[in-house]
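Data block below; observations after.
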Amino acid sequence: MIAAVDSARLQTELTTLASFSESPAPAVTRVVFSDMDLRARDYLKTLLAEASLVVREDAVGNTFARWPGGMPSLPPVATGSHCDAIPNAGRFDGTVGVLGGLEAIRRLQRSGFQPRRSIDLVMFTSEEPTRFGIGCLGSRLLAAALQVSTGDTLKSDGRTLNEWRFAAGFSGPLSDVALPAGSYAAFVELHIEQGPILDRRRLDIGVVTAIAAPASVRIVVEGEGGHAGAVLMPDRHDAFLAAAEIALAVEAAARGTGALDTVATTGVCEVFPGAINSVPSRARLEVDVRDIDLARRDSVLAAIRRACEETAARRGVTVHVEPINADPPAQCAQSIVDVITAVCEAHGLRHIPMISRAYHDSLFMARIAPTGMIFIPCRNGVSHRPDEYSSPDAIARGTAVLADTLAALAE
Ligand code: GLV
Ligand code: MN
Ligand code: MN
């Protein structure tokens with residue numbers, strides 16, 4: 001079955017896609033609506049046209065490529081993922097699900113399979129939060145999980161989301177993006193695991209049963225700036241030092257649950273005015289908190305808020321905490337988990353059920369369609385780094401499992 005996947009072609013396409021990057025290889029940086037993102041989209045569209053897929057782009061740039069089925073009145077099945085990449089990322093996060101999804105469709109086409117249901121390949125806009133601060137922008141809008149007014153309120157580099165998308169060529173009202181529940185009979189996403197379990201245990205496939213609940217907050221600390229030489233230490237209200245204590249409290253809050261499934265990260269720290277001889281007057285943190293258990297995740301958020309209040313009082317600074325997102329976990333549909341598992345069994349692949357600690361567009365697709373995910377191993381579990389790596393064989397196996405899963409769901 002794996003032989004039927006054109007692994008060499010898929011690898012060439014992954015390499016070409018990785019070349020559309022704002023950072024030098026092996027790092028990949030491809031922020032939504034950047035020049036590189038638009039060039040990557042153009043490249044993808046040439047591949048979609050070669051496969052005779054019917055392409056539609058919505059108002060936020062979600063791209064749908066349809067292989068029409070024999071019974072087009074039936075809700076289609078869909079697969080897909082994202083092509084944007086965080087700064088200094090690798091080449092496999094998201095792209096394996098888009099180009100692997102395309103190769104899965106081509107493999108079915110080559111085999112002479114005629115789907116009853118149409119099969120859509122979806123490339124979601126901005127799964128990564130890099131530009132607009134919130135992840136899964138395209139799939140949130142598809143699932144009506146984000147207000148369309150964010151078109152005017154989300155900003156990046158002084159431009160609103162609406163201005164960015166218009167400039168990128170995606171017009172029309174954001175309210176047109178939402179798809180009603182029932183639009184798809186099923187959604188299946190192929191993705192690298194981004195964690196160590198499959199690689200450590202030498203397994204081929206992870207069958208995802210649930211996706212952990214992500215939340216993020218922006219924390220702005222206002223202190224008092226001044227001359228780094230002249231402001232006496234007892235007189236200081238250094239915004240960065242307060243932020244540093246808060247970042248440590250974030251770590252302590254996550255470790256404090258005692259559960260491996262609780263994670264928290266302070267991935268952004270911006271210091272103003274950012275001069276070596278100036279006491280920081282303002283600091284901005286962005287904090288990411290996740291857990292498969294919603295109540296436990298929320299208890300960590302509450303602990304972080306308490307730490308902010310305590311630090312503010314003790315250091316004589318003000319701390320403002322602004323929620324960015326707080327999403328519930330998603331359950332994969334048992335019917336799809338069963339199909340993926342049966343495909344793995346049929347082909348003698350070593351597989352386990354597992355949860356996804358990373359979020360994916362599937363988190364939101366699960367709100368409007370029965371959803372499943374196929375994980376493949378990545379070396380040492382490394383992701384969001386230039387040395388992210390999944391072997392050609394692992395990618396081919398995942399693509400083959402996806403192809404057979406789509407065939408079972410679409411026939
Ligand atoms: C997705 O990139 C995530 O941060 O889980
Ligand atoms: Mn990612
Ligand atoms: Mn991803």
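What's counted below: heavy atoms across the whole structure, side chains too, no hydrogens, waters or symmetry copies. Remember, it's a predicted structure, so these values are computed and weren't measured experimentally. In listed order, ligands and their atoms are each counted from 1.
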Establish, from distance only, whether the side-chain atoms of [X] and [Y] form a donor-acceptor pair under 3.5 Å.
| X | Y | result |
| --- | --- | --- |
| Thr29 | Glu22 | no |
| Thr399 | Glu103 | no |
| Asn325 | Ser216 | yes |
| Asp152 | Thr160 | no |

key: N, O or S from His191 under 2.8 Å to the Mn ion (ligand 3)   =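 Yes, within the cut-off.
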
task = Could you check atom 1 (C) of ligand 1 against the protein and tell me its nearest heavy-atom contact, residue, atom and distance included?
result =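 The closest heavy atom on the protein side is Glu127 OE2, 3.4 Å.
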
key: Heavy-atom nearest neighbour in the protein, as seen from atom 5 (O) of ligand 1, with distance rounded to 0.1 Å   =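 For atom 5 (O) of ligand 1, the nearest protein heavy atom comes out as Arg290 NH1, 2.6 Å.
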
ask   = Of the backbone atoms (N, CA, C, O) and the side-chain heavy atoms from C-beta on, which set of Glu128 has a member under 4.0 Å from an atom of ligand 1: side chain, backbone, both, or neither?
value =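 The answer is the side chain of Glu128.
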
inquiry  = Please report the interatomic distance CG(Asp361) to CZ(Phe124), rounded to the nearest 0.5 Å.
reply    =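 Asp361 CG to Phe124 CZ: 5.0 Å, rounded to 0.5 Å.
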
message = Taking 2.8 Å as the distance threshold, tell me the number of protein N/O/S atoms next to the Mn ion (ligand 2).
response =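 N, O or S atoms of the protein closer than 2.8 Å: 3.
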
Should the heavy atoms of other residues, nucleotides or ligands under 6.0 Å from [atom1] of [X] be counted, would the total exceed 12?
| X | atom1 | answer |
| --- | --- | --- |
| Gln11 | CD | yes |
| Arg200 | CZ | no |
| Lys45 | NZ | yes |

request  = Report, in ascending order of atom number, the atoms of ligand 1 lying under 4.0 Å from any heavy atom of Ala358.
outcome  =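 Counting atoms of ligand 1 from 1, those under 4.0 Å from Ala358 are 5 (O).
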
inquiry  = Contact between ligand 1 and His384 is defined here as a heavy atom of the residue under 4.0 Å from a ligand atom; is it met?
reply    =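 Contact check His384 vs ligand 1: positive.
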
Close approach, Gln194 and ligand 1, non-hydrogen under 4.0 angstrom =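 Judged by the 4.0 Å heavy-atom criterion, Gln194 does not count as contacting ligand 1.
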
Axial cation check for Phe170 ring with Arg165, 6.0 Å and 45° limits =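 No; the conditions do not both hold, so Arg165 does not lie above the ring face of Phe170.
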
